[in-house]
Protein chains: 2
Amino acid sequence: MANIQQVAQKAGVSVATVSRVMNNSSSVTASTRQKVENAIKELNYEPSVLGRNLRTSESRLILVLIPSISNPFYTEIINGIEDTSIKNGYNILLCETDSSVERENIYLNMIKNKLVDGAISMDPAVNMEKLNQLALDYPIIQCSEYEEGGIIPYVTINNELAAYQAVKHLIKLGHERIALVNSDEKFLYARQRRQGYDRALKEYHLPIREELIYHTDYLEFDYGIQAMRKLLEVQEKPTAVFAVSDTLAIGALKEINQSGLQVPNDIAVVGFDKISFSNMTNPSLTTISQPMYKMGCTAATMLINSVVGKKVENIVLDHELVIRDSTMG
Amino acid sequence: MANIQQVAQKAGVSVATVSRVMNNSSSVTASTRQKVENAIKELNYEPSVLGRNLRTSESRLILVLIPSISNPFYTEIINGIEDTSIKNGYNILLCETDSSVERENIYLNMIKNKLVDGAISMDPAVNMEKLNQLALDYPIIQCSEYEEGGIIPYVTINNELAAYQAVKHLIKLGHERIALVNSDEKFLYARQRRQGYDRALKEYHLPIREELIYHTDYLEFDYGIQAMRKLLEVQEKPTAVFAVSDTLAIGALKEINQSGLQVPNDIAVVGFDKISFSNMTNPSLTTISQPMYKMGCTAATMLINSVVGKKVENIVLDHELVIRDSTMG
DNA sequence: ATTAAATTTGTAATCGATTACAAGTTATGA
DNA sequence: TCATAACTTGTAATCGATTACAAATTTAAT
């Protein structure tokens, strides 16, 4: 690969002029510009991003941290982030942390090293201490999961309200024994969805039965199966299940079918996220639709604003209850 | 962020010595090493990857190109790539091309710009001309999809054999009208799987009926539904369907259920890939299991070998037919 | 004690760009 | 025509590391 001096030499100009042509910054005569452009073409020159970034200390690269690429919830968000970033001349660097502090550190250090201009974190298990510390010096946005009262700007939905509406929908259908398949309540979204569940039950004077509340360690299908298996062992079985993710809900669906019961007649199921697969199950899944693409776009916009020095505000987006066959056959 | 000269000054040594401590290359006395390490700790110094890479022209970053993050097929491969990379001191940069030449170029240019040390491509729609040209100068590996007789090393499975076995399985169960839901045969894997399908039918003296072969433009669920809808309109309906991806097969399953027919009694279904969802459908999906994790590991190993200058050979990994409920109720 | 060999440390060039400032060139107006 | 303003171009410093090579120091051998 040719470098800028070779181009300058071939064009018979200085490196400064070549740089000016590349960035069409200050004025260059048409004739010299032509000479330089010819040299560039002849040598097939492309500027070294490394050299440039070292000098300008910007990379036009955005770090996106996700816990796991296998969770379909993130895919739409990422599409939003990517589209918005590219539109603004940034590229994204997608990094899977597996919720491992070690990996997370490797990636977060990129921001200190000027390898990226900022980061969007979507990992609920992120090391908030480290993130807050970094956020003092560098642009960081939290997407979907966040810290209440923290210093890092975030985009999210109203989890409490969404859960409330999901459960209320079940209650309106006549259900009284409604199970909750939640994840670990160390996560804020889990606590918020739990609050919504509680509020709906209280509002309709239904008791909160601990035996109908199950916590899983992970959001994968298998854990949904596990959860449902336990819930079906309860003396008075639930007639409806609200799971805090579609993956869990689909696992539950599978286990209910397996046990010979019918959805929604014997047990109704509601999920959360509206992942694309939620429409492929049999029956199709009632779920809360998060505006995932828009969330991604918003997060990216916020981050880029933050990178260029603008002040950004927290944003709460609207969600929607999507009623399908798993609650109304 | 402190830089190396500040550390040198604080420790009362030269920058060269600091660099030596950082890379524990040549010998440094215990006492000076101590001084430097103290200074590093005090200033909270972390070396600039940009400066280092510019000098050494290596980044210890690997580019991974996938067409779409929403296809679950890639997730396990990526896990394999990531684990192997990290074990060898490399990090990965995951990039979604959406099979867009423009985006692809942006990312592929990173390799010329020394932002990454090499690339693993998994995009069947990749611009082979550009990729081949790059491969002359830089380490590149193709994973899963590849070019026959090309110059780029690849890791894959025997697609023809896998398809042959899948169809043979259906034939052995007594099926004679077996539909094929294929993707565009401009892709090598599609042509190979088609060959396997043809071979199995021929071997058992069954006719190849064009009306039972459907090509889709994309691999998403919706296209499986579309395909099945068409196939159900055929005069003599198929009694079995072989789809070249699980996502398509799951779409087909959904459409069969929707139309009131039973899987596998009315129509049997076989997929390809063994994505994690394939076990969540009702009934669970018979499918070809690709060793995705291992494929990822292999691709990463090959690339790293290539980066350090070793010669690498093409590798064909073993697959497996996983028989589940969608073919044998 | 003296010299040679081995080890440790420092100086300065280098990677490939950008950019302030200086210098050179052209255009403008009296 | 000449002074001045406006515009082009070039020189050289800079970003933050690594690393030959040189210099200084320590160790070993006589």
Side-chain angles (χ1 to χ4, degrees), chain A residues 1-40 43-61 89 109-117 137, chain B residues 1-40 43-61 89 109-117 137:
Chain A
M1 270 300 277
N3 61 19
I4 198 169
Q5 7 269 346
Q6 292 170 292
V7 175
Q9 192 169 19
K10 168 144 269 173
V13 299
S14 73
V15 291
T17 303
V18 177
S19 174
R20 280 188 271 258
V21 170
M22 291 301 301
N23 304 287
N24 48 300
S25 46
S26 48
S27 44
V28 180
T29 351
S31 71
T32 40
R33 153 161 279 126
Q34 196 49 249
K35 277 193 292 182
V36 172
E37 276 170 357
N38 289 341
I40 289 174
L43 294 173
N44 202 12
Y45 168 70
E46 300 201 36
S48 153
V49 177
L50 240 35
R52 176 188 317 209
N53 291 356
L54 179 59
R55 187 58 227 261
T56 61
S57 27
E58 70 160 17
S59 63
R60 301 198 79 84
L61 231 45
N109 280 341
M110 288 184 168
I111 202 173
K112 280 199 204 168
N113 287 330
K114 306 277 174 66
L115 273 181
V116 297
D117 290 346
D137 297 319
Chain B
M1 269 299 278
N3 61 18
I4 198 169
Q5 6 269 346
Q6 292 170 292
V7 175
Q9 191 168 20
K10 169 143 269 175
V13 298
S14 73
V15 290
T17 303
V18 177
S19 174
R20 280 188 272 258
V21 170
M22 292 301 301
N23 304 287
N24 47 300
S25 46
S26 48
S27 44
V28 180
T29 351
S31 70
T32 41
R33 154 160 278 126
Q34 196 49 250
K35 277 193 293 182
V36 171
E37 276 170 356
N38 289 342
I40 288 174
L43 293 173
N44 201 13
Y45 169 69
E46 300 200 36
S48 153
V49 177
L50 240 35
R52 186 198 317 241
N53 291 356
L54 179 58
R55 186 59 226 260
T56 61
S57 30
E58 70 160 18
S59 63
R60 302 198 78 84
L61 230 46
N109 280 340
M110 288 184 168
I111 201 173
K112 281 199 203 166
N113 287 331
K114 306 277 176 64
L115 272 181
V116 298
D117 290 346
D137 297 318

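Chain identifiers are assigned alphabetically (A, B, ...) following the order of the sequence lines, protein sequences preceding nucleic acid strands; residue numbering begins at 1 within each chain.
- Heavy atoms of A:V49 sit nowhere under 4.0 angstrom from any nucleic acid atom.
- Atom CG in B:L43 sits about 16 Å away from atom C1' in D:dA17, given to the nearest Å.
- Here the C1' atom of nucleotide C:dA17 and the NZ atom of B:K112 are 17 Å apart, to the nearest Å.
- A distance of 6.5 Å separates CD of B:Q6 from CG of B:L43, quoted to the nearest 0.5 Å.
- Taking both residues in full, the closest heavy atoms of B:L115 and B:S59 are given as O-OG, 3.2 Å, listed atom of the first, atom of the second, then distance.
- Inter-residue side-chain proximity for B:T17 and B:R20 is flagged as met; some heavy-atom pair is nearer than 4.5 Å.
- Taking atom CZ of A:R20 as the reference point, atom P of C:dA20 lies 10 Å away to the nearest angstrom.
- Near DNA chain C, meaning a heavy atom under 4.0 Å away, the residues from residues 52-61 of chain B are B:L54, B:R55.
- Heavy-atom nearest nucleotides on DNA chain C were determined for A:A16 and for B:T17, and the one closer to the 5' end corresponds to B:T17.
- Checking D:dT18, C:dA17, C:dT11 against every side-chain atom of B:N23, the shortest atom distance belongs to D:dT18.
- Closest contact between the side chain of B:V15 and the listed nucleotides C:dA17, D:dT18, D:dG10 involves D:dT18.
- Between B:N3 atom CG and D:dT18 atom C1' the separation is 14 Å, expressed in whole Å.
- In the set C:dT9, C:dA17, D:dC7, D:dC7 carries the atom at the smallest distance from any side-chain atom of A:S27.
- Atom CG of B:L50 and atom P of C:dT14 are 21 Å apart (whole Å).
- Taking 4.0 angstrom as the limit, A:S14 places a side-chain polar atom (N or O) nearer than this to OP1 or OP2 of D:dG10.
- With contacts defined as side-chain heavy-atom distances shorter than 4.5 Å, the pair A:K112/A:D137 does not qualify.
- With contacts defined as side-chain heavy-atom distances shorter than 4.5 Å, the pair A:V21/A:E37 qualifies.
- Rounded to an integer number of Å, the gap from CD of B:Q5 to C1' of D:dC15 is 9 Å.
- Nucleic acid contact for B:V13: sugar-phosphate only, since backbone atoms but no base atoms lie under 4.0 Å from a heavy atom of the residue.
- Atom C1' of nucleotide C:dG16 and atom OH of A:Y45 are separated by 7 Å, given to the nearest angstrom.
- The side-chain heavy atoms of B:S48 and B:N3, taken from C-beta on, include no pair separated by under 4.5 Å.
- Heavy atoms of A:S19 sit under 4.0 angstrom from at least one base atom.
- An OP1 or OP2 oxygen of D:dC7 is reached within less than 4.0 angstrom by no side-chain nitrogen or oxygen of A:T29.
- Taking 4.0 angstrom as the limit, A:T32 places a side-chain polar atom (N or O) nearer than this to OP1 or OP2 of D:dT9.
- Taking atom CD on B:Q6 and atom P on D:dC15, their separation rounds to 10 Å, with Å as the unit.
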